[in-house]
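Below is one structure, written out as structure tokens, with a few remarks after it.
A note on names: the letters A, B, ... follow the listed sequences, proteins ahead of strands, and every chain is numbered from 1.
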Amino acid sequence: MAAIGRIVLIDDNDADNEFHEIMIRKAGFAGEVVVIDNPLRVEGYLSSADLNVPTYIFLDINMPMMDGFQVAEQMVPRLRDHPAIVVMMLSSSSSQKDRDQAAQIGIIRGFITKPLTDSMVKEFLAGHA
Amino acid sequence: MKLAPIPANEAARLKALHALGILDTLPQPMFDEVTRLAASICNTPIALISLIDHDRQWFKSRVGLNAAQTSREIAFCTHAILKPTDVLVVEDASKDDRFFDNPLVTGDPSIRFYAGAPIVTPDGLALGTVCVIDQVPRALTGTQQESLQALSRLVMHLLQEESARQERESANSVVARRRLDSMIAIASQGLDLKAFIDADYVWRFVNDRYLEYWQAKREDVEGKRLVDVVDEKVFVELVKPHLDRAFEGETVTYEAVFDFPKRGKTHVEVVYSPARDSSGNIIGALARVHDIQRRKEREAQLQRTFELLELKTVEQERFIHILSHDLHEPINSIVNFASLLEEELSGRHAGSSERFLLYVTRGGRRLKQLVEELVSFVQLDRKSIEAVEVDMESLINDIRADLDSALSRTGGRVESSPLSPVVGDRTLLLLAVENLVTNALKFGRPGVPPVVVVSSTRSDTGFVIDVTDNGIGIPEAQRENIFEVFKRLHARNEYAGNGLGLSICRKVADMHGGRVVCHSTIGAGSTFSIHLPYNHAADGLGDM
């Protein structure tokens with residue numbers, strides 16, 4: 001897999017976004033970090049983004065208006081043919097119910113529990129995830 | 001007039017006569033055939049079957065005579081029965097010293113000739129005669145006498161047959177009567193409303209309960225057509241369609257609400273079953289109406305309780321959600337940023353700030369752990385066992401990975417020996433064993449690297465997972481308490497933890513129908529054993 005060029009954080013929690021961005025930078029990632037703190041703006045962002053750039057999208061579950069699962073469902077048609085875009089659920093919950101629901105959605109490649117740490121990011125960047 | 005002596009066997013004779021039950025019965029054609037035949041054979045105007053009762057002679061059948069009986073004194077037959085084997089022949093009664101002044105000779109019917117063949121029981125008791133009478137003197141040929149005797153033997157047979165038939169009939173009628181009585185009793189009694197409705201939709205029988213519920217008199221129901229009494233709409237739409245199916249041979253059950261006078265609207269269960277005669281033809285239907293009002297009320301109450309419970313479950317679900325999501329977020333922020341601050345401050349000799357920050361970090365971590373354990377503890381209630389064969393080696397490897405940081409922090413290690421597969425819910429067993437190992441690492445003796453040995457074995461009754469440590473041990477007095485929720489044996493600054501770990505272990509064991517026991521030696525270590533019985537854990541996996 002080509003080097004990761006972009007990491008997208010979709011989460012309404014500013015503190016988490018800031019912390020995760022620090023962790024991503026700490027892990028040595030120099031590419032683009034996109035923070036989307038409103039799930040309603042995901043669709044608009046994806047419609048204008050270059051979907052051929054190898055990307056990690058970390059998607060929170062618990063958000064107002066649209067939860068992470070709804071966002072993921074909405075992304076399915078757009079991302080189905082773009083394997084360069086990897087979607088991971090990133091949630092404060094580790095409940096089995098959420099894991100099961102995530103497993104039902106084809107484009108979700110993994111499920112990790114917050115917080116995202118620099119060592120985890122390093123592993124993703126190294127392609128170990 | 002010469003009276004005939006009373007026979008020596010008179011008592012037995014009368015008893016036999018009365019036992020036949022023939023006296024005073026109605027004329028029967030077969031006996032009349034006999035007298036007609038006798039009259040015809042002997043060519044006489046009168047022929048009789050005469051039976052001698054204690055004070056009269058009674059004629060079972062008679063030809064040419066109006067009287068149904070005479071007094072015994074004047075009966076020719078009383079003489080005839082004195083010699084059961086002989087035919088008594090009186091050729092001219094007016095010249096016989098026994099009969100010449102007999103009113104039957106001097107007056108109506110002016111008997112001159114008499115011949116009587118005794119009717120004799122198999123025991124030799126002469127009950128009466130078959131006799132022929134004429135108003136002119138005459139004689140009988142030997143053949144005629146023999147015929148007369150043959151006829152009296154025939155009468156004896158007929159009397160016996162008739163008696164036996166009557167006995168059978170009366171026995172049958174006693175049985176039938178009893179049967180009917182019990183059936184009426186069965187039908188009348190009981191808490192249910194019962195009715196027999198014939199194929200023309202007419203009530204033929206209803207029990208007392210039926211009348212009581214409908215506040216009706218028997219005569220207002222029995223013999224009446226349903227359509228004339230029941231509300232027409234109810235009859236056409238509800239009663240008739242169901243009854244028609246019963247008339248087709250089906251047992252029909254339906255529930256309805258009937259508006260009984262006084263009782264008001266009442267839930268009932270109605271059963272119509274086809275009623276058949278002895279040859280199996282359907283002649284109507286039996287209706288049974290069972291009052292289920294109270295059952296319905298209880299059901300409604302149960303339903304309300306159930307809904308309330310569901311609501312509680314939903315609330316619990318929401319509570320778990322709040323615990324796992326909404327509490328996690330602020331806790332994460334505290335923990336995450338405290339650790340960033342810690343990094344920034346380290347090496348700057350910030351004095352008390354650094355120490356204060358340490359308290360924040362520790363507090364945040366403990367809060368986070370507490371919430372996680374609470375969530376898993378509450379979620380246990382909602383989980384059902386999925387028993388599989390669990391490879392203990394891989395389970396312990398998972399635990400080693402999960403506890404990686406605790407192991408490197410304490411310098412401890414997890415060993416395994418021996419490990420045989422266990423049947424149970426892997427997720428739950430992982431949770432339980434991991435909690436035991438975490439405890440073992442937590443309660444190490446100062447200065448001694450913790451070593452935890454996990455083994456799994458099979459016993460006669462089930463599987464046993466032992467977790468043995470080389471820690472501080474648990475005082476005997478406290479071993480009972482350790483499994484209770486939030487029971488901590490140690491001051492917080494001495495050993496971290498919140499007291500849920502062992503409760504989770506016990507719950508996991510409970511869910512498998514098993515138990516957790518603890519053996520401990522102060523200063524040497526403890527062994528926690530999870531016992532899992534075969535019957536529960538190994539359902540469907542019995543021979544593993």
Side-chain angles (χ1 to χ4, degrees), chain A residues 9-28 33 35 37-39 58-71 89-103 110-123 128-129, chain B residues 313-314 316-344 346 360-361 364-365 367-386 398 401-402 404-405 408 425-428 430-431 434 508:
Chain A
L9 298 171
I10 303 172
D11 194 335
D12 64 311
N13 186 325
D14 294 339
D16 281 359
N17 286 335
E18 183 166 353
F19 182 79
H20 292 148
E21 194 169 352
I22 293 170
M23 288 299 123
I24 290 163
R25 294 304 180 199
K26 224 174 145 185
V33 175
V35 175
D37 61 3
N38 182 342
F58 293 104
L59 178 56
D60 184 33
I61 291 176
N62 198 27
M63 291 185 289
M65 295 170 290
M66 253 177 120
D67 68 19
F69 298 117
Q70 290 171 296
V71 174
M89 293 313 269
L90 175 60
S91 171
S92 53
S93 153
S94 58
S95 88
Q96 192 58 45
K97 201 180 132 204
D98 287 347
R99 286 175 183 274
D100 292 345
Q101 195 175 348
F111 192 107
I112 49 182
T113 309
K114 284 182 184 178
L116 188 64
T117 62
D118 50 345
S119 56
M120 285 158 80
V121 176
K122 275 182 193 158
E123 289 201 10
H128 293 153
Chain B
T313 310
V314 169
Q316 197 193 10
E317 203 107 22
R318 200 174 295 146
F319 172 74
I320 293 172
H321 189 263
I322 289 169
L323 273 181
S324 60
H325 277 108
D326 303 9
L327 278 182
H328 258 121
E329 290 198 2
I331 292 169
N332 272 343
S333 296
I334 293 168
V335 172
N336 296 345
F337 289 97
S339 63
L340 282 181
L341 267 180
E342 216 173 14
E343 269 177 45
E344 281 192 21
S346 73
V360 175
T361 318
R365 286 209 185 98
L367 187 56
K368 187 171 175 165
Q369 193 194 355
L370 173 63
V371 168
E372 272 163 12
E373 288 192 12
L374 262 179
V375 169
S376 54
F377 186 71
V378 177
Q379 278 176 338
L380 278 187
D381 274 338
R382 313 191 52 73
K383 197 175 182 320
S384 55
I385 299 279
E386 288 164 29
D398 285 359
D402 286 350
D404 186 39
S405 66
S408 52
D425 187 301
R426 191 182 193 277
T427 312
L428 290 178
L430 177 71
L431 192 64
E434 191 167 296
V508 168

From B:N332 atom CG to A:H20 atom NE2, the distance as rounded to the nearest 0.5 Å: 7.0 Å
Below 4.5 Å from any heavy atom of chain B, which atoms of A:N62 appear? Answer side chain, backbone, both or neither. both
Please flag which part of A:T117 lies under 4.5 Å from any non-hydrogen atom of chain B: side chain, backbone, both or neither. neither
If you count heavy-atom pairs under 4.5 Å with chain A, which of B:V335, B:T427, B:L327, B:N336 comes out on top? B:N336
Would you name the heavy atoms of A:P115 and B:K368 that are closest together and state the gap between them? CD-NZ, 3.5 Å
How about A:E18 and B:L340: do any of their side-chain heavy atoms sit closer than 4.5 Å? no
For A:F19 against B:S339, the heavy-atom pair lying closest together: CE1-OG, 4.4 Å
Give, as side chain, backbone, both or neither, the part of A:D60 having an atom under 4.5 angstrom from any heavy atom of chain B. side chain
Point-to-point distance, once rounded to the nearest 0.5 Å, from CG of A:D11 to CD of B:E329: 6.5 Å
